[in-house]
Amino acid sequence: MVSNDMPGNEVVLIGVGEIGGVLAKGFLRLGFTVHPVTRETDSHHLAARIGQPALVIVAVGENALSGVLDGIPEKWRSGLCLLQNELLPDDWQGVDSPTVISIWFEKKPGIDAKVIIPSPVFGPQSELMLRALAAVNIPVSVLADEEQLLFQLVLKNLYILTTNIAGLRTGGNVGELWQHHQTFARQVAGEIISLQETLTNRTFDREALIAAMVMAFEGDPQHQCMGRSARARLQRALSHGERLKLDLPQLRALQQSIPES
């Protein structure tokens, strides 16, 4: 049985974590019906039951993205929105023209969302994402083209990987990292940029990326460097480097220097 809601007045949310909860609140404030999809949800049954959604937001972690995309019902594939960390265009091969947003706000349990810088978005439903996040007072910038999107995705990867990986040695927050350990942070960042260039088969303005990363540092200098996924991010970066035959001496030395947990 198909819902009687007007076409385009429904949003599917795959993954109902902290970020997903913020997005759900924004869409509810716009008057949309939000359908959550958890691990227990039969997404194909849900797709048959409801109307064509305006957007299908995939808000799972980066490690789960591939499996989720493989299981997306066919009628939902044309309206996807992706927002994972460590996201690059190869990650959505086979999906035509998704809306992609780079999330630059932090949301922890019991605490309001904290904006670092505006979250850039590109794709068919960019304006809808802008409206939904504006409804919960989170700024969004709509990008002009895929080139800008790629730069922004690489920037977010640079920020996350540099702070997490360098933080394995330095600890502390991003303000302290840049103030007291800038030489080391630049060395790690240089290897992360090399990795991103190899993964995308592109070259980037390195100083522009570093400057944009520092702007994000200034947006929240108290942001902690080392998240719970830091070791996994380091290992994943090194695995990519090994597969691509890319030398990452700073990352390799760091892996050898940190004690086993």
Side-chain angles (χ1 to χ4, degrees), residues 62 84-88 101-108 111 113-120 139 141 143 147-242 244-261:
E62 55 263 37
Q84 285 66 32
N85 291 327
E86 299 188 49
L87 188 65
L88 289 172
I101 184 167
S102 182
I103 296 294
W104 282 97
F105 61 88
E106 183 180 34
K107 178 66 177 74
K108 294 183 177 180
I111 302 174
K114 183 176 184 179
V115 173
I116 300 174
I117 57 175
S119 296
S141 59
L143 303 174
E147 288 294 313
Q148 290 186 3
L149 174 63
L150 182 59
F151 181 90
Q152 291 295 331
L153 292 176
V154 169
L155 169 60
K156 183 66 180 297
N157 294 347
L158 176 64
Y159 175 95
I160 290 172
L161 292 170
T162 299
T163 57
N164 271 224
I165 291 171
L168 287 167
R169 174 180 294 176
T170 66
N173 58 50
V174 300
E176 294 165 340
L177 174 66
W178 200 246
Q179 182 177 0
H180 301 302
H181 309 282
Q182 186 175 145
T183 298
F184 174 58
R186 280 185 173 273
Q187 291 171 338
V188 172
E191 293 189 5
I192 297 304
I193 294 173
S194 294
L195 177 59
Q196 297 295 301
E197 288 181 333
T198 306
L199 285 168
T200 59
N201 197 28
R202 302 289 293 276
T203 58
F204 299 97
D205 183 332
R206 292 185 170 225
E207 284 307 310
L209 281 169
I210 295 290
M213 180 177 70
V214 172
M215 187 177 297
F217 289 171
E218 293 170 349
D220 182 13
Q222 300 301 314
H223 190 90
Q224 292 299 301
C225 287
M226 193 178 68
R228 63 181 181 273
S229 300
R231 289 175 182 266
R233 294 192 195 285
L234 173 59
Q235 183 56 55
R236 189 155 52 242
L238 287 168
S239 295
H240 284 313
E242 185 175 350
L244 298 167
K245 302 187 185 323
L246 181 65
D247 188 27
L248 302 171
Q250 286 291 332
L251 271 59
R252 181 67 63 190
L254 183 57
Q255 183 193 49
Q256 294 170 352
S257 68
I258 57 177
E260 294 291 334
S261 58

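The residue from Gln250, Gln235, Arg231 that alone fulfils the side chain to side chain donor-acceptor pair (under 3.5 Å) condition with Gln255 is Gln235.
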Assess the residue pair Ser194 and Arg206 against the criterion (side-chain contact (heavy atoms from CB on, under 4.5 Å)); give the C-alpha distance rounded to whole Å, side-chain angles, the decisive distance to 0.1 Å, and a yes or no. CA-CA 9 Å; Ser194 294; Arg206 292 185 170 225; 2.8 Å; yes

Should Leu251 and Leu234 be marked as a side-chain contact (heavy atoms from CB on, under 4.5 Å) after you check the CA-CA gap, both sets of side-chain angles, and the distance that decides it? CA-CA 7 Å; Leu251 271 59; Leu234 173 59; 3.9 Å; yes

How far apart are the C-alpha atoms of Asn164 and Leu168, what are their side-chain angles, what is the distance that settles it, and do they pass the side-chain contact (heavy atoms from CB on, under 4.5 Å) test? CA-CA 7 Å; Asn164 271 224; Leu168 287 167; over 6 Å; no

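Residues Ile165 and Ile192 meet the side-chain proximity criterion, which asks for heavy atoms closer than 4.5 Å. Under the 4.5 Å side-chain criterion, counting only non-hydrogen atoms from C-beta, Thr198 is not in contact with His240. Contact annotation: the side chain of Val154 never approaches that of Leu199 to less than 4.5 Å [non-hydrogen atoms, C-beta and beyond]. For the pair Arg186 and Ile210, the minimum side-chain heavy-atom distance is below 4.5 Å. Looking only at side-chain heavy atoms (C-beta outward), Glu218 and Trp178 stay at 4.5 Å or farther from each other.
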Identify each donor-acceptor pair in which a side-chain atom of residues 222-229 lies under 3.5 Å from a protein atom, sequence neighbours left out, and give them as a table.
unit_1, atom_1, unit_2, atom_2, d
Gln222, OE1, Asn173, ND2, 3.4
Gln224, NE2, Gln222, O, 3.4

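Under the 3.5 Å distance criterion, the side-chain polar atoms of Thr163 are matched with a main-chain donor or acceptor of Ile160. Judged by distance alone, with hydrogens and angles left aside, the side-chain atoms of Lys156 form a donor-acceptor pair with the main-chain N or O of Ile103 at under 3.5 Å. Panel note: side chain Arg169, backbone Leu254; no donor-acceptor pair is recorded below 3.5 Å.
Atom CD of Glu242 has 12 or fewer neighbouring heavy atoms from other residues, nucleotides or ligands inside a 6.0 Å radius.
At a cut-off of 3.5 Å, with distance as the only test, no side-chain donor of Thr183 or Gln187 sits close to an acceptor on the other residue. Side-chain N/O atoms of Gln256 and Arg252 include no donor and acceptor closer than 3.5 Å.
Between atom CD of residue Gln152 and atom CG of residue Leu209 there is a gap of 9.0 Å, rounded to the nearest 0.5 Å. Note that CG of Leu87 is 9.5 Å distant from CD of Glu62, once rounded to the nearest 0.5 Å. Residue Ile193 holds its CD1 atom at 7.0 Å from OG1 of Thr162, rounded to the nearest 0.5 Å. Here the CG-CZ distance, from Leu158 to Phe204, works out to 10.5 Å after rounding to the nearest 0.5 Å. Rounding to the nearest 0.5 Å gives a distance of 9.5 Å between CE of Met215 and CG of Leu155. Note that CG of Leu150 is 11.0 Å distant from CG of Leu143, once rounded to the nearest 0.5 Å.
In this structure, Tyr159 and Trp104 have perpendicular ring planes: the angle between them is above 60°, well past the 30° mark.
Residues Ser119 and Ser102 come closest through the heavy atom pair CB-O, 3.2 Å.
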